Structure formats: C-alpha cells, structure tokens
Amino acid sequence: VQLQASGGGLVQAGGSLSVSCAASGGTFSNLGMGWFRQAPGKEREFVAAIRRSSSATYYADSVKGRFTISRSNLKRTMSLQMNDLKPEDTAIYYCAARLSEMAGTDWRRDPHMYAYWGQGTLVTVSS
C-alpha cells in the first residue's frame, strides 16, 4: 500500500483547507485509515480516523467540530476538511492506513497501529 498526501498550504487563522490522501495497492475498502499530525518539536498525534465503511468517524478533542474526515472507496481516497483553522493546527499532516480493522476504537488513535504512511503535507496557519 502506498499513500500520497496532498493539499497542504498556508492559510490565515479562521480559514479552511482540505488535505487528501490517495492510495494505491491493496484493497482500499478493507483499509483502516486515519490522519495524524506532527508539529515542530512535538510527537505525532492523532487527528481523525474513519471506519472502512465510513459508518463511523473519530476525532481528537482539539479538532472536533472543526474537522471532517471522509473517504471514497470507489476513488481510493481519503480527505480531511479543516475549518476554522487555528495557529496551533500548524503541522505536517500524515495519512495512515492498516490492512484491517480491529474491534474497539482506542487503537485508531495510536500511530503504532498503522503500517502504512503517506509522506506528509504541511499545513501552516498564520495568526
């Protein structure tokens, strides 16, 4: 499985931006997928995840109500729509995938549970 993230850029606080992740290889509809981010000097942190059927989504408290994760199994893509961006959202955003899903939800927030990673796309929010 190869992941390619795109769509990052510079935006003012309060603005919106969308990042996308295209996957090749593997059976996309079986992939458990999520977004993580890493700010300078900080550890990689969970942002959002989505079930393979899109039947449920999960968000970090810091982005809940502002970010929306979605996926298209037909197009083999996953997206993250980010609204009301804040300077603290500045980070490299990574898409991640694993070949199967597990029961429960906690594992989705652990970057070690994902085997495949995109190269990251930089999102910069100016104040």
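Keep in mind it's a predicted model, so treat the numbers as computed, not measured.
Across Ser72 and Lys75, no two heavy atoms sit closer than the pair OG-N, 3.0 Å. For Arg71 against Arg52, the heavy-atom pair with the smallest separation is NH1-CA, 3.1 Å. Closest non-hydrogen pair, Met78 versus Ile50, comes out as SD-CG2, 4.2 Å.
Put simply, CG on Leu3 and CE on Met33 are 5.0 Å apart, with the number rounded to the nearest 0.5 Å. Here the straight-line distance linking atom CG of Asp110 with atom CZ of Arg44 works out to 12.0 Å at 0.5 Å rounding. To the nearest 0.5 Å, the span separating CE on Met102 from CZ on Arg108 amounts to 8.5 Å. The structure places CD of Glu101 at 5.0 Å from CZ of Arg51, a figure rounded to the nearest 0.5 Å. One finds the CG atom of Leu31 at 7.0 Å from the CZ atom of Arg76 (value rounded to the nearest 0.5 Å).
Every pair passing ring pair (Phe, Tyr, Trp, His ring centres under 6.0 Å) that includes a residue from residues 31-62 is listed here, sequence neighbours excluded: Phe36-Phe46, Phe36-Tyr114, Phe36-Trp117.
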Tabulate below the donor-acceptor pairs under 3.5 Å that side-chain atoms of residues 87-95 make, not counting sequence neighbours, or state none.
residue : atom : partner : partner atom : Å
Asp89   : OD1  : Arg37   : NH1          : 2.9
Asp89   : OD1  : Arg66   : NH2          : 3.0
Asp89   : OD2  : Arg66   : NH1          : 2.7
Asp89   : OD2  : Arg66   : NH2          : 3.4
Asp89   : OD2  : Lys86   : N            : 2.8
Thr90   : OG1  : Pro87   : O            : 2.9
Thr90   : OG1  : Val125  : N            : 2.9
Thr90   : OG1  : Val125  : O            : 3.4
Tyr93   : OH   : Arg37   : NH1          : 2.9
Tyr93   : OH   : Asp89   : O            : 2.7

Can you give me every donor-acceptor pair (side chain of residues 9-28, partner residue at least two apart or in another chain, under 3.5 Å) with its distance?
residue : atom : partner : partner atom : Å
Ser16   : OG   : Asn83   : OD1          : 2.9
Ser20   : OG   : Ser79   : OG           : 3.4
Ser24   : OG   : Gln2    : OE1          : 3.2

